[in-house]
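Count residues from 1 along the sequence. All of these numbers come straight from a predicted model, not from anything done at the bench.
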Amino acid sequence: MNTEFASIPSNKKIYAASDFHLGAPDPEQSRNREDRIIRWINAITPSAAGLILAGDIFDFWFEYKTVVPKGSVRLLGKLAELHAAGIPIVIFTGNHDLWMQDYLGEEIGATIYHEPVSFKVGKLKIQIGHGDGLGPGDQKFKATKRIFKFGLNQWLFRWLHPDVGVKIANKWSEKSKEKELKKPKPFLGEDEPIFIHCKETEAKTHHDYYIFGHRHLMLNMPITEHSDYINLGDWINYHSYAEISQESVELKQFED
């Protein structure tokens, strides 16, 4: 149990968001989205006791030894400001930025997680992560993720020139999005894989809230009388985020 946020002041909040997908689908739309995210961070900073970014911040991210993908400098600068002001930043990797390593930890002081983590926030116990690969089904995606995370494959990819590697990755991302647009995954109700993961976890260990991204849907689904699953939506369609106090979690939209 991570207790980093256990004793936040009563007038402060933890804020969580996911699925910015900066870099997609083109520089202009990505820049407009980034500017909105910056306005949101400026708006929440006075009341923030912490910021959690739950994956897919970037549409593609890979850390070579001395090179990272260009772009998103306004967001990175803003996150560095938050850290300098004493506001903790937690980042979860998603399926689009799963190759994130220690660069953002070193540059902006973020704590990086690659799997869901349980946090204590005031009176609440919360599990949070990106959500990809959780629950039953989607074996093809899970197999692909294992291939991408395999250390030898990452080492081989690192030997590609960054211009080549990034181009290949962007093409892959475009095809993936094309497929999603042509045949988007419908909302499955209680058959949602992440919801099933939450139910199975809750049967073993109680959490007041389970907060995930990945599905690009704004959801607040009761698991039991005392436990809820929240999906954070995204910043492509919803500009949505969770506001976590000592006693509750509220799903909101910015500049809706």
Exercise for review: Classify the angle between the aromatic ring planes of Tyr15 and Tyr241 as parallel (below 30°), tilted (30 to 60°) or perpendicular (above 60°).
Suggested key: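 The rings of Tyr15 and Tyr241 sit tilted, inter-plane angle from 30° to 60°.
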
Which heavy-atom pair separates [X] from [Y] by the least distance, and what is that distance?
X	Y	result
Gly213	Ser18	CA-OG, 3.4 Å
Cys198	Ile223	CB-CD1, 3.5 Å
Ile108	Leu76	CG2-O, 3.6 Å
Phe58	Met100	CE1-CE, 4.0 Å
Ala54	Gly129	CB-O, 3.6 Å
Ala17	Trp40	CB-CH2, 3.7 Å

Can you find a pair of side-chain heavy atoms, one from [X] and one from [Y], that are under 4.5 Å apart?
X	Y	result
Leu51	Pro88	no
Phe92	Ile52	yes
Pro116	Phe212	yes
Ile37	Trp235	yes
Ile112	Val90	no

Crowded around Glu28 CD? As in, over 12 foreign heavy atoms under 6.0 Å?
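Open.
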
About how many Å separate [atom2] of [Y] and [atom1] of [X], when rounded to the nearest 0.5 Å?
X	Y	atom1	atom2	answer
Ile8	Lys120	CD1	NZ	12.0 Å
Arg215	Phe195	CZ	CZ	13.5 Å
Asn220	Leu251	CG	CG	6.5 Å
Ser245	Ile14	OG	CD1	10.0 Å
His206	Thr201	NE2	OG1	12.5 Å
Ile211	Leu232	CD1	CG	6.5 Å

Answer yes or no: is there a donor N or O on one side and an acceptor on the other, between the side chain of [X] and the main chain of [Y], under 3.5 Å?
X	Y	value
Lys199	Thr224	no
Ser240	Gln253	no
Ser72	Leu75	no
Ser227	His207	yes
Asp228	Tyr209	no
Gln246	Lys123	no
Glu34	Arg74	yes
Asp59	Ala24	no
Thr45	Ile41	yes

Begin with the C-alpha distance, continue with both residues' side-chain angles, and end with the deciding distance and a verdict on side-chain contact (heavy atoms from CB on, under 4.5 Å) for Ile91 and Ile57.
CA-CA 9 Å; Ile91 296 177; Ile57 301 169; 3.5 Å; yes

Checklist line | Within the 6.0 Å centroid threshold, strictly below: Tyr229 and Tyr210 | finding: no

I'd like to know whether the aromatic ring centres of His96 and His21 sit less than 6.0 Å apart in this structure. yes

Would you say the side chains of [X] and [Y] form a donor-acceptor pair under 3.5 Å?
X	Y	answer
Gln127	His197	yes
His130	Asp132	no
Asn32	Gln29	no

Item to complete: Tell me, with the steps shown, if Thr93 and Trp61 meet side-chain contact (heavy atoms from CB on, under 4.5 Å).
Response: CA-CA 10 Å; Thr93 57; Trp61 184 267; over 6 Å; no

Is there a continuous path of hydrophobic side-chain contacts, each under 4.5 Å between heavy atoms, that joins [X] to [Y]?
X	Y	value
Leu104	Ile38	yes
Leu219	Leu188	no
Ile128	Ile196	no

Derivation of the side-chain contact (heavy atoms from CB on, under 4.5 Å) call for Lys13 and Glu250: CA-CA 11 Å; Lys13 309 283 194 300; Glu250 190 174 349; over 6 Å; no

**SB check Lys78 Glu81 (cutoff 4.0 Å)** = yes

> Quick one: do Arg39 and Asp35 make a salt bridge, cutoff under 4.0 Å?
Replying inline: no

*asked:* Out of the candidates His239, His214, His216, only one should pair with Asp234 under the side chain to side chain donor-acceptor pair (under 3.5 Å) rule; please name it.
replied: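 Exactly one candidate clears the test, His216.
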
- prompt: Are Lys125 and Thr205 close enough, and set up right, to give a side-chain contact (heavy atoms from CB on, under 4.5 Å), and what steps lead you there?
  reply: CA-CA 10 Å; Lys125 184 178 179 183; Thr205 309; 3.0 Å; yes

